[in-house]
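Single-structure report; data block below.
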Amino acid sequence: RIISWFVRSFKYAYGLRFDIKGRENLEVDRPCVIISNHQSILDMMGLMEILPKRCVQIAKRELLFLGPVGLIMYLGGVFFINRQRSSTALTVMADLGERMVEENLKVWIYPEGTRNDNGDLLPFKKGAFHLAVQAQVPIVPVVYSSFSSFYNLKTKLFTSGTIKVQVLDAVPTSGLTVADVPKLMDTCYHAMRSTFFHLSRTPQENGAIEGPAVQPAQ
């Protein structure tokens, strides 16, 4: 709570506002995997704006050594994964899958795997979806609008602006197996990509197609 308050306080200094819709989808008292797009370090501010109770994050191990940022993440209970060692990463994910069910935890993951400011979503990695299927918990997609209208990543300069946030309906995984992961990942990707373009009012590029709407969990 202390870290969340501290990070969120920066929005006043920088003139940022958050327009959030669908917050109730994060406040259900059950374990789930939350996935969101990842644009810049400003995502940390957006995450803290809507972070639900009993929620932990997964991040690459390299971030642990980024000075104050790494310390804040460590104190905030982030699970760090060494992506260079797949066996270690799989062990951490397996342990986390058991803990999230036993301790009623929500797990927040950036499925793109890295920051991306190209005005589109990068292809998703499978880890978040394997975790959700393994634990048989729903996936809750969260989409942030593009920062490009007020933030220049190269110059690190930005003006005041509004970040639109849409929390989509939960995607159930009950009864799914590892064989269903590619389809599950594709469904979430297209729903989030379509929402991203809509929130950002950006023309779809690279032959983007509208994905299927995410349906509420049963």
Quiz item: Do the side chain of Ser194 and the main chain of His190 share a donor and acceptor less than 3.5 angstrom apart?
Solution: no
Quiz prompt | Main-chain N/O of Ser145 paired with Gln39 side-chain donor or acceptor, under 3.5 Å | solution = yes
Practice problem: For Glu24, enumerate each residue passing the salt bridge (charged side-chain N to carboxylate O under 4.0 Å, His left out) test, keeping only those at least two apart in sequence or located in another chain. | Solution: none
Quiz item: Okay, side chain of Gln57, backbone of Ile109: is any donor-acceptor separation there less than 3.5 Å?
Solution: no
Quiz prompt | Test item: Thr173 side-chain N/O and Val137 main-chain N/O as donor-acceptor pair under 3.5 Å | solution = yes
Quiz item: Which atom names give the shortest non-hydrogen contact between Lys106 and Pro52, and what distance separates them?
Solution: CD-CG, 3.6 Å
Quiz prompt | Main-chain N/O of Glu103 paired to Arg54 side chain as donor or acceptor, under 3.5 Å | solution = yes
Quiz prompt | Any donor-acceptor N/O pair, Glu112 side chain to Asn37 backbone, under 3.5 Å | solution = no
Quiz item: Between Glu98 (side chain) and Asp95 (backbone), is there a donor-acceptor pair under 3.5 Å?
Solution: no
Exercise. Any chance you could lay out the side chain to side chain contact (heavy atoms under 4.5 Å, CB included) test for Ile35 and Tyr110, step after step, and finish with the verdict?
Key: CA-CA 6 Å; Ile35 58 175; Tyr110 297 112; over 6 Å; no
Self-check item: Qualifying residue for side chain to side chain contact (heavy atoms under 4.5 Å, CB included) with Ser36, from Val165, Val167, Val142
Solution: Val142
Quiz item: Rounded to the nearest 0.5 Å, how far does CG of Leu199 lie from CE of Met192?
Solution: 10.5 Å
Practice problem: Quick one: closest heavy-atom pair of Arg30 and Pro138, and the distance? | Solution: NE-CG, 3.7 Å
Exercise. Begin with the C-alpha distance, continue with both residues' side-chain angles, and end with the deciding distance and a verdict on side chain to side chain contact (heavy atoms under 4.5 Å, CB included) for Val33 and Phe129.
Key: CA-CA 8 Å; Val33 173; Phe129 306 93; over 6 Å; no
Quiz item: Do we see a donor-acceptor contact under 3.5 Å between the side chains of Asn116 and Asn118?
Solution: yes
